[in-house]
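Report on one structure; see the data block that follows.
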Amino acid sequence: MGKYIVRRLLQQIPILIGVSILLFSVFQLAPGSPLSSFYSDPNMTVEQLEALEKAYGLDKSVPEQYIDYIGNMVKGNFGTSYQLKQPVSELIGERVWATFYIAFVSLILSLIIAVPIGVISATKQYSIFDYAGTIFALMGISIPVFFFALLLIKWFGIDIRWFPISGLVTPGRPLSFTTNFPDIFKHSILPLTVLGLTGAGRFMRYTRSSMLEVIRQDYIRTARSKGLKEKVVIYKHALRNALIPVITLLGFSLPVLFSGAVITEIIFVLPGLGKLQYQAVLQRDYPLMMGINMFLAIFTLLGNLLADISYAFVDPRIRLD
Amino acid sequence: MLKKSIILLLVFAMTVTTFLVGCGPKEPANVEEEPDISQEETSEDEEGTVYPGSERGNVLTVGGTSPEGIFNPLTYSTEYDWYIIELMFDPLIQVTPAGALTTDGSLTESYEVSEDGLTYTFNLREDVKWHDGTDFTAEDVVFTFNTIFSPDYKGRNYTAVLQRITGAQDVKEGNAETAEGVRALDNHIVEVTMTEAMASTLNELAITPIPKHYYDKATSEEMAKLDREPLGNGPFKLKNYEVEQYVELEANSEYWQGVPKLDGIIWKVIARQNELSEFEIGSVDAVNFENTIENYEVIEGYDHGELINNWNNGYTYAAFNFKNPIFQNKNVRQALTYGLNRSGFIKSFFGEVGGEVAHTPISPVSWAYPDNSELNQYEYDPEKANVLLDEAGWEMADDGYRYKDGEKLAFTWTTYNEAEWSTKITALAAENWKQIGVDCEIELMDFNSLGELISDAGNSDKWDMFNMAWSLTEDPDMYSIFSKTVFPPGNNRGFFSNDEMEELMLDGLYEFDQEKRKDIYQELAVKFNEELPYIFVYVRMNPWLVNKRVKNFNPTEFTYWSKGAHLIEIVE
């Protein structure tokens, strides 16, 4: 197992280099320029634009810029954002915990809702509960996030005023999960509800269909004919196998935990990576776009690796050597 | 049995959906029906009225878009960062609400301009201290200028005027450390010499100085590390900054104009969609809301709010590409302007109070704006447009479009999708112009791509029209936008050129007599209105809604609310 992990980790290095070349060239090929934010300033002179181009190193050729970039990256320097003027690693660092907190808690919430509903829906296929669960899931998948968010804000923030409608902290208080958690939690209830409920549908559908498949298998019939209790059959024998595709899905969710949710972040004013990345793209802030995407690429590869490893735990047929 | 339950479920699902859908359009309307809540809260105390937000005490909370956290007057790029900067730093010369320059409340006690207009002497105030207790001196001003001249400076202050300071270009090219044109004559006198005398020189020389002892770093990247720990000399100090959440400032009790009346100011980041809701529930005391017809209706229900409805200093436009022979004919440009229902568009978008049709590249609040009767209003008039197009030789054919020498009157309007007005005006134009036989196709891209497209002279054959907006300063200069010396990559993206107007714009730049300058720009305003290098679309309002517990909160046409903030007061 140890050997397998080391081998897999080494394989990721050329993949990451390939990803970086691909990302860098795609970003450069896209139309637009990091200096566009200066275009609606009538005081901008041609001399000034040229001086800025030089200061940012944009006058160099693309391969030269790439070599500069990758050279710095190997040294652990992800560059400085054109627009925000701060080191990219710091910009990511100061947003990553809020992003992770929102994504992780809402993912757990999704699973807590989705897995039991999925299992019961499958075991009681075509029952009222199954239909209700399916409708609930489809609603979760299809309701636009911004609409659901605005609805919750209207009901719980404006009409009955239980929860604050924006921000992750009360102004003046620190965004610290250790010293100010109750305040942060109160602020995050609405966004967590939005992301948790809209995310649950997907997991519920997966659990249900994979469960349906598993309970028709011969070994389930064997387990039943051994005289095992229905609960043991379902939750010990069937569920463990049914969760394999859900784990794959969870593996893919790892980068999502860090990529942020743009719309939710904008509506609820959360300091997340989603909005940062969105703005970086709008402004063609190349170092920031590269930094965030490389960061996510690392988590995508890591997520796949983790998914592969966890198969070995849930599926006795798979051995990693 | 099974079928029955399916039907039941379907009915249930439909009820839920109609219920949800039913809530949709009610959303904005509901906010309007809400005032009873705020009334309930405010009328609790019969004697003195208690406005929402009073639990925050003597601290003002202003809501708006997130600043980028670049709290440095030389390198900031958004208006929101500038608010915070202006609360912490005072400028060399102030601007009055009417757009004139004044030494009142500025770091300069008095200034002199030499006869030839080339030498500016600033006598600085001697009682100003930086927030760490150090004296503000002439060295700080010299340092600030040289920072702007340095080769790796990445801000937008190196303007046309500053490029004309003696020796500035040498520093920019790396041939000198400091510019010889900026000198400290003694501890509190700075002399600036120019290579050319321009009328707007003083406006641009009115920089906002930063302290040398704090910001003197080897590279701009090292200086940027201080962006979030600024050291200013203004009425407020930065206390706390939480990314994308809030900026907290506290009063500077040593402020040279007297202790601020507020204990502190908080800039709270709020979402654009919820800006009025935030005001309604009292989580912010002031908000700069979008000037839409719906918003003006909604705020009528707020008892605790006072509306400050000022003009925005700027205008939106649709530019013609003069490289395209179609637009070289003035009749065609005028016909397209007559043929576009701008006032209808503005009424449906901004209502009666949110904006008006723009006629010329000067803000209606500027001293340089002529009497409106001198400007052709180009009221929507398809008949007139048809006549003008006929005169220009574009004849209507059977297919409903106009042709000249076998060529169809057709072109593309390139627009961007980030702004609502942008997608709406283009759709309207395509429809309106079809009625006068013009085939206008819309091409949509993102703002950044459009910016690059029009800023490259090599792309001039790739677009015919585009739309954007200019924000203006207190000086009415338009040479920087319409001169033939600023063809792309400069600001004159449509290659407009007119020798007579060029001369006038130059005269305006170098005329120091205010009355003569006024005549020049008023004449120019009329000429632009006639020549139409752009279809001027609208000038809009920039409305603020302020809680009645706040006094002296004064955003104006030419100054932000953050100017003179030491006078803002909270009365309970």
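Labels below follow one simple rule: chain letters A, B, ... track the order of the sequence lines, proteins then strands, and each chain is numbered from 1.
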Notebook entry, point to check: What distance separates Ser449(B) OG from Leu282(A) CG, expressed to the nearest 0.5 Å?
Noted result: 10.0 Å
Notebook entry, point to check: Taking side chain as C-beta onward, heavy atoms only, is Asn274(B) less than 4.5 Å from Leu150(A)?
Noted result: yes
Check: With only heavy atoms counted, which part of Leu52(A) is less than 4.5 Å from chain B, the side chain, the backbone, both or neither?
Finding: side chain
Next item on the list: Could you check which of Glu248(B), Gln273(B), Met478(B), Gln163(B) has the highest count of heavy-atom pairs closer than 4.5 Å to chain A?
Entry: Gln163(B)
Check: Does the side chain of Lys85(A) reach to within under 4.5 Å of the side chain of Asp227(B), using non-hydrogen atoms?
Finding: yes
Checklist line | Contacting moiety of Leu138(A), where chain B heavy atoms sit under 4.5 Å | finding: neither
Check: Measuring heavy-atom distances to chain B, does Ile153(A) have an atom under 4.5 Å in its side chain, in its backbone, in both, or in neither?
Finding: side chain
Pairs under 3.5 angstrom only: tabulate donor-acceptor contacts from the side chains of residues 163-176 of chain A to other protein residues two or more places apart or in another chain.
{"unit_1": "Ser166(A)", "atom_1": "OG", "unit_2": "Lys268(B)", "atom_2": "NZ", "d": "3.0"}
{"unit_1": "Ser166(A)", "atom_1": "OG", "unit_2": "Glu278(B)", "atom_2": "OE2", "d": "2.5"}
{"unit_1": "Thr170(A)", "atom_1": "OG1", "unit_2": "Asp183(A)", "atom_2": "OD1", "d": "2.8"}
{"unit_1": "Thr170(A)", "atom_1": "OG1", "unit_2": "Asp183(A)", "atom_2": "OD2", "d": "3.2"}
{"unit_1": "Ser176(A)", "atom_1": "OG", "unit_2": "Thr178(A)", "atom_2": "N", "d": "3.3"}
{"unit_1": "Ser176(A)", "atom_1": "OG", "unit_2": "Thr178(A)", "atom_2": "OG1", "d": "3.0"}
{"unit_1": "Ser176(A)", "atom_1": "OG", "unit_2": "Thr179(A)", "atom_2": "N", "d": "3.1"}
{"unit_1": "Ser176(A)", "atom_1": "OG", "unit_2": "Thr179(A)", "atom_2": "OG1", "d": "3.0"}

Next item on the list: Using a cut-off of under 4.5 Å on heavy-atom pairs, state which of Ala55(A), Ala30(A), Gly157(A) scores highest against chain B.
Entry: Ala55(A)
Item checked: Sub-4.5 Å side-chain heavy-atom contact between Glu452(B) and Arg284(A) -> no
Next item on the list: Select one option (side chain, backbone, both, neither) describing which atoms of Glu68(B) are under 4.5 Å from chain A's heavy atoms.
Entry: both
Note to self: Tell me whether Glu47(A) is salt-bridged to Lys172(B), with the criterion being a basic N under 4.0 Å from an acidic carboxylate O.
What the structure shows: no
Notebook entry, point to check: With a 4.5 Å heavy-atom cut-off, do Thr159(B) and Thr45(A) have their side chains touching?
Noted result: no
Item checked: Interface moiety of Gln283(A) toward chain B, non-hydrogen atoms closer than 4.5 Å -> both
Check: Can you say whether Thr473(B) sits under 4.5 Å from chain A via the side chain, the backbone, both, or neither, judging by heavy atoms?
Finding: side chain
Checklist line | Which atoms of Tyr153(B) approach chain A - backbone, side chain, both or neither, heavy atom under 4.5 Å | finding: backbone
Note to self: Please classify the contact between Gln83(A) and chain B as side chain, backbone, both or neither, with a heavy-atom cut-off of under 4.5 Å.
What the structure shows: both
Check: Which bit of Val243(B) is near chain A, if near means a heavy-atom gap under 4.5 Å: side chain, backbone, both or neither?
Finding: both
Note to self: Salt bridge check, Arg228(B) against Glu94(A): does any charged N sit closer than 4.0 Å to a carboxylate O?
What the structure shows: yes
Note to self: Between Lys54(A) and chain B, with a heavy-atom cut-off of 4.5 Å, which part of the residue counts as in contact: side chain, backbone, both or neither?
What the structure shows: neither
